[in-house]
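Here the structure is laid out as structure tokens; the discussion comes afterwards.
Both backbone and side-chain heavy atoms feed into the values below; hydrogens, waters and symmetry mates do not.
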Amino acid sequence: MTIWTTVDPITNLALFASLTAGMHRSERRRIAGRASLYAAIILVVAVIIGQIALDAMGIRLRSLQVAGGLILFVFGLQMVFGWINQSSASVEKGRDLAVFPLAVPAIAGPGAIMAIILLTDNDVYSVSERAETAVVLLVVLVLNYILLLLSDVILRIIGRQGAAVLTRVMGIILSALAVEFVLTGLSIGNWATPHH
């Protein structure tokens, strides 16, 4: 469930639908395929060498959590205020929507990378448990890809305005999730818990 939540296929579908609304169906399919492939490569690499790389660089998981939360927050703000412009993003030289913002940070975002590293910690989980996590990850990525392909149908149902509204709502949720990542990373747990 953790992997499903952090990869978040439903939010990815809304983002993909809004970013590719003005594109031809074949172009949307191509972007969906490339974004899913890039995200799979990034997350599989995180499974294999994530913990080792962090240990070698002296980076603690809490630091990754705070940095990831900050990046996610900026991305959430971009979604809320409509700073992600699909027409300029698709034609801007050297910019590929499949890489940014779809593969990273939407599908293989800081939350997903962090979750994968935590769920495949060499000191906590056996090889078979880490392999099981990798299989679950691949299943979630395949489901995410299928939902991206269905975005054509979703676009017909909700329209461009609906996609814009959905993207802004998801941006608010993403920003709130980012704040939680930062607070957890800083060990500020119950900062807003009401006292009875």
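Residue A35 comes nearest to L102 through the heavy atom pair CB-CB, 3.8 Å, listed as atom of the first residue, atom of the second, then distance. Pairing each heavy atom of T120 with each of R130, the nearest pair is O-CD, 3.2 Å. Residues F73 and S175 come closest through the heavy atom pair CD1-O, 3.7 Å. Nearest approach of P101 to L19, heavy atoms of both residues: CG-CD1, 3.5 Å. A pairwise comparison of heavy atoms in A108 and I113 identifies O-CD1, 3.5 Å as the closest pair. Of all the heavy atoms in S63 and I59, the pair that sits closest is CB-CG2, 4.1 Å.
A donor-acceptor pair under 3.5 Å is formed between the side chain of R62 and the backbone N or O of T184. No donor-acceptor distance shorter than 3.5 angstrom exists from the side chain of T20 to the backbone of M23, with no hydrogens or angles considered. Of the possible donor and acceptor atoms, none in the side chain of S36 sits under 3.5 Å from a partner among the backbone N and O of G33.
Contact check for L137 versus L119: no side-chain heavy atoms found under the 4.5 Å cut-off. Counting heavy atoms from C-beta on, the side chains of V99 and Y38 come closer than 4.5 Å. Using a 4.5 Å cut-off on side-chain heavy atoms (C-beta onward), V47 and L43 make no contact. Contact check for I31 versus E27: side-chain heavy atoms found under the 4.5 Å cut-off. Residues P9 and Y145 fail the side-chain proximity criterion, which asks for heavy atoms closer than 4.5 Å. Between E132 and V135, every side-chain heavy-atom pair lies at or beyond the 4.5 Å cut-off. For the pair L70 and V66, the minimum side-chain heavy-atom distance is below 4.5 Å. At a threshold of 4.5 Å between non-hydrogen side-chain atoms, the residues N12 and L147 do not count as touching.
Each of L138 and V127 belongs to its own hydrophobic cluster when Ile, Leu, Val, Met, Phe, Trp and Tyr are linked at side-chain heavy-atom distances under 4.5 angstrom. The cluster map of Ile, Leu, Val, Met, Phe, Trp and Tyr, joined by side-chain heavy atoms under 4.5 Å apart, puts L150 and V142 in the same cluster. Tracing side-chain contacts under 4.5 Å through hydrophobic residues (I, L, V, M, F, W, Y), one reaches I42 starting from V140; they form part of the same cluster. Tracing side-chain contacts under 4.5 Å through hydrophobic residues (I, L, V, M, F, W, Y), one never reaches V7 starting from L149; they form parts of separate clusters. At a threshold of 4.5 Å between side-chain heavy atoms, the hydrophobic network of Ile, Leu, Val, Met, Phe, Trp and Tyr places L186 and V74 in two separate groups.
With values rounded to the nearest 0.5 angstrom, L141 atom CG is found 10.5 Å from L37 atom CG. Atoms CG and CG, from L13 and D8 in turn, are 10.5 Å apart once rounded to the nearest 0.5 Å. The distance from the CD1 atom of I49 to the CD1 atom of I117 is 9.0 Å, given to the nearest 0.5 Å. Atom CZ of R34 is separated from atom CG of L97 by 9.0 Å, given to the nearest 0.5 angstrom. To the nearest 0.5 Å, atom CG of residue L15 and atom CG of residue L148 are 9.0 Å apart.
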